[in-house]
Amino acid sequence: MEKQIVTPNRSLTTETEKLLNAQIGLEGLSSSYYLAMASWCDKSGYATSAEFLYRHSEEERQHMLRLFRYVNDAGGHAIHPDITGVKYDFKSLREVFEDILHHEIEVTKSINNLVDHCFSIKDFTTFHFLQWFVTEQREEETLARRAVELFDLIGEDGVGLWTIDNEIGKLESFAAGNAGDTPAV
Ligand code: FEO
């Protein structure tokens, strides 16, 4: 019997699909995490930080959807992540923004590993797609770091926390203006 030659119907490898689905999980976790933070800020009276985080949660969901569409367009299967155990209680507003900074650094590492993987297997299509996330992470880390710095610059005594909460609202435009070619969400 003649040997049948099977032509792959996609260039996306199983390993890359798995890594992209892991990134989907991380973006989904970010969205849930920031929603939980928004709720804590809201009930604690930090109205500006709450609005900032409600918006940020939605942005992270859009990041997840961007990956969903790419995986499916490339012939893979984007899987909705199981998200449990999301931290919902915080000792202070400072802790919220320190957690965001540490979380975003982990997201950056994950994106970098994904980009490195794509480059190493010469999947330049996915490599190119991921550049949007590389730029986005630069902006998000800057934003979180600037927020954490406010606590030392302004101080938390007296009207300090109220002032910090208000200043948080100004950070998005600052970070966007310093991110160079800022990607749209
Ligand atoms: Fe989409 Fe903040 O990582």
Side-chain angles (χ1 to χ4, degrees), residues 16-42 46 48-74 76 78-88 90 93-119 126-151 167-185:
T16 306
E17 181 182 2
K18 198 172 128 195
L19 291 171
L20 286 167
N21 266 312
Q23 190 64 36
I24 282 173
L26 200 46
E27 302 292 346
L29 173 65
S30 302
S31 180
S32 298
Y33 197 14
Y34 298 158
L35 183 58
M37 288 173 171
S39 181
W40 182 88
C41 289
D42 211 355
Y46 300 118
T48 307
S49 297
E51 288 310 315
F52 170 87
L53 287 162
Y54 281 130
R55 278 196 303 278
H56 208 116
S57 170
E58 186 53 34
E59 281 182 21
E60 297 295 356
R61 181 178 141 71
Q62 293 302 321
H63 298 175
M64 182 176 76
L65 289 179
R66 191 177 275 258
L67 288 155
F68 254 77
R69 290 182 183 280
Y70 181 81
V71 170
N72 289 330
D73 284 351
I79 310 293
H80 192 285
D82 285 333
I83 299 169
T84 54
V86 175
K87 180 176 175 180
Y88 60 86
F90 302 87
L93 190 61
R94 180 194 279 262
E95 183 179 271
V96 167
F97 285 96
E98 284 177 345
D99 281 2
I100 294 172
L101 177 57
H102 297 146
H103 182 72
E104 288 301 335
I105 289 169
E106 291 307 310
V107 175
T108 301
K109 285 183 194 166
S110 177
I111 289 288
N112 285 344
N113 287 337
L114 195 43
V115 168
D116 183 52
H117 163 79
C118 292
F119 191 81
T126 309
F127 177 87
H128 176 72
F129 162 76
L130 289 168
Q131 297 313 301
W132 184 93
F133 287 88
V134 171
T135 308
E136 176 70 7
Q137 280 313 116
R138 172 74 282 128
E139 182 187 327
E140 298 214 335
E141 265 192 52
T142 301
L143 192 60
R145 189 174 305 101
R146 291 289 176 232
V148 169
E149 286 167 359
L150 289 176
F151 291 86
E167 290 296 317
I168 296 282
K170 300 175 192 167
L171 285 177
E172 279 168 311
S173 52
F174 172 82
N178 283 281
D181 186 17
T182 307
V185 174

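Note that ligands are numbered from 1 as they come in the structure, with each ligand's atoms numbered from 1 the same way. Note that the structure is a prediction, hence the values are computed from the model and not measured. Residues: numbered from 1 along the sequence shown.
- For atom 1 (Fe) of ligand 1, the nearest N, O or S atom contributed by H63 is named ND1.
- Comment: E58 does not engage R55 in a salt bridge, judged by the lack of any side-chain N to carboxylate O separation of less than 4.0 angstrom.
- Note on E27: not counted as a metal contact of atom 2 (Fe) of ligand 1, no N/O/S atom lying under 2.8 Å.
- At a threshold of 4.5 Å between non-hydrogen side-chain atoms, the residues F133 and V107 do not count as touching.
- Considering just the N/O/S atoms of E140, the one nearest atom 2 (Fe) of ligand 1 carries the name OE1.
- At a cut-off of 3.5 Å, with distance as the only test, a side-chain donor of E60 or H63 sits close to an acceptor on the other residue.
- Residue E60 counts as close to atom 1 (Fe) of ligand 1, with an N, O or S atom under 2.8 Å.
- When all heavy atoms of A78 and V71 are compared, the closest pair comes out as N-CG1, 3.5 Å.
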